[in-house]
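Notes for the one structure printed next.
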Amino acid sequence: MKRLLLVPALAAALLAAATPALAHEFTLGALVIDHPWARPNLPNRPAAAYVEITNGGETADRLLAASSPAFETVELHTMEMADGVMKMMRVEAVELPAGATVALAPGRHHMMLFGAAGNFRPGDSFPMTLSFEAAGEIEVEVKVEMKPSSEMHGGGHRSDDGGHGTKH
């Protein structure tokens, strides 16, 4: 009888120990940076990184910049429709309204990665520093993975502006 009780207890303990490993979020003050990721990159081609940022604070903040030793340059970009054509444009910052979640996702705001130090494949990761106007800086781990097409346009929580922020 004692053995039968040990199996569920052991399974629950293993699950509880594994749960933090599954979590891939970072906290900086009132900001929660959830699951930074990038698709595998092609040789000599720019790539993009994505993340959801929740501002749980009472004041707005802004993502001002990103950098990574794995890339020569990281730029903040957005995509929008203009005259029936999807255009990508560099932006100075991504607005993070108080109490909102903003998705940097395919087809929206994202971080363009130029000059890769190597080829990144699913399962790889690389460090990236995110710089915020009020909260400061934080280093996160960007996981390289393939996202299914159902996740191409984010989903879940978004700010009132659809996760696009204010362009400058």
Side-chain angles (χ1 to χ4, degrees), residues 14-15 17-29 31-55 61-82 84-96 101-133 135-159 162-168:
L14 288 173
L15 181 61
T19 300
L22 297 175
H24 181 220
E25 69 179 34
F26 306 84
T27 303
L28 177 64
L31 301 179
V32 176
I33 297 96
D34 188 25
H35 196 73
W37 68 279
R39 286 202 181 89
N41 65 319
L42 298 172
N44 303 314
R45 302 281 299 177
Y50 312 101
V51 65
E52 277 194 358
I53 303 170
T54 300
N55 181 355
D61 203 342
R62 297 174 0 136
L63 174 63
L64 299 176
S67 62
S68 174
F71 294 88
E72 291 176 11
T73 306
V74 180
E75 297 178 357
L76 301 176
H77 281 224
T78 192
M79 295 184 77
E80 69 177 35
M81 291 296 289
V85 177
M86 183 68 82
K87 294 186 179 184
M88 184 170 51
M89 301 177 310
R90 186 173 181 183
V91 295
E92 289 181 26
V94 176
E95 302 294 326
L96 305 170
T101 296
V102 176
L104 279 73
R108 296 190 185 145
H109 279 305
H110 55 279
M111 295 170 279
M112 286 300 300
L113 311 170
F114 299 98
N119 290 336
F120 296 97
R121 297 185 177 102
D124 292 344
S125 63
F126 56 88
M128 179 178 284
T129 300
L130 303 177
S131 301
F132 299 92
E133 185 173 67
E137 292 187 346
I138 186 171
E139 184 173 300
V140 299
E141 176 188 15
V142 178
K143 293 189 176 186
V144 179
E145 56 193 44
M146 296 299 296
K147 288 278 188 173
S149 59
S150 64
E151 295 185 30
M152 287 288 292
H153 297 288
H157 309 287
R158 294 187 302 182
S159 65
H164 289 248
T166 303
K167 290 180 280 309
H168 295 272

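Since the structure is predicted, the reported quantities are computational estimates derived from the model, not experimental observations. Side-chain atoms are counted along with the backbone in the values below, which use heavy atoms only and exclude waters and symmetry mates. The first residue of the sequence shown is numbered 1, and numbering continues consecutively from there.
Atom NE2 in His110 sits 6.0 Å away from atom OH in Tyr50 (nearest 0.5 Å). Note that CD of Glu137 and OG of Ser131 are 3.5 Å apart. Values are rounded to the nearest 0.5 Å. Within the model, atoms CZ of Arg108 and CE of Met79 stand 12.0 Å from one another, a figure rounded to the nearest 0.5 Å. Here the CD1 atom belonging to Ile53 is positioned 10.0 Å from the CG atom belonging to Asp34, to the nearest 0.5 angstrom. Residue Asn55 holds its CG atom at 9.5 Å from CZ of Phe132, rounded to the nearest 0.5 Å. Atom CH2 in Trp37 sits 11.0 Å away from atom CD in Glu52 (nearest 0.5 Å).
When the side-chain contact (heavy atoms from CB on, under 4.5 Å) test is applied to Leu64, the partners found at least two apart in sequence or on another chain are Arg62, Ala93, Glu133. Under the side-chain contact (heavy atoms from CB on, under 4.5 Å) criterion, Met81 pairs with Met86, not counting sequence neighbours. In this view, Glu139 and Pro127, Thr129 satisfy the side-chain contact (heavy atoms from CB on, under 4.5 Å) rule, not counting sequence neighbours. For the salt bridge (charged side-chain N to carboxylate O under 4.0 Å, His left out) test, residues two or more places apart in sequence or in another chain that qualify with Glu75 are Arg90. Every side-chain contact (heavy atoms from CB on, under 4.5 Å) that Asn41 has, sequence neighbours left out, goes to Ala47, Ala116, Asn119, Phe120.
When all heavy atoms are compared, the tightest approach of Ala82 to Lys87 is CB-CD, 3.9 Å. Across all non-hydrogen atoms, the minimal contact from Val74 to Ala66 is CB-O, 3.3 Å. Taking all atoms of both residues into account, the shortest heavy-atom contact from Val142 to Ala38 is CG1-N, 3.7 Å. The shortest heavy-atom contact between Leu113 and Met128 is CD2-CE, 3.5 Å. Residues Glu141 and Phe26 approach most closely at N-CZ, 3.3 Å, considering heavy atoms. The nearest pair of heavy atoms linking Met112 to Pro46 is CE-CB, 3.6 Å.
Annotation: side chain of Leu63 is in contact with side chain of Leu130 (closest heavy-atom distance under 4.5 Å).
Ring geometry for His35 against His24 counts as perpendicular: the plane angle is over 60°, on a 0 to 90° scale with 30° as the lower cut.
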Worked verdict on Met111 versus Leu104 for side chain to side chain contact (heavy atoms under 4.5 Å, CB included): CA-CA 8 Å; Met111 295 170 279; Leu104 279 73; 4.1 Å; yes

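Residue pairs meeting the salt bridge (charged side-chain N to carboxylate O under 4.0 Å, His left out) criterion with at least one partner in residues 110-131, sequence neighbours excluded, do not occur; the list is empty.
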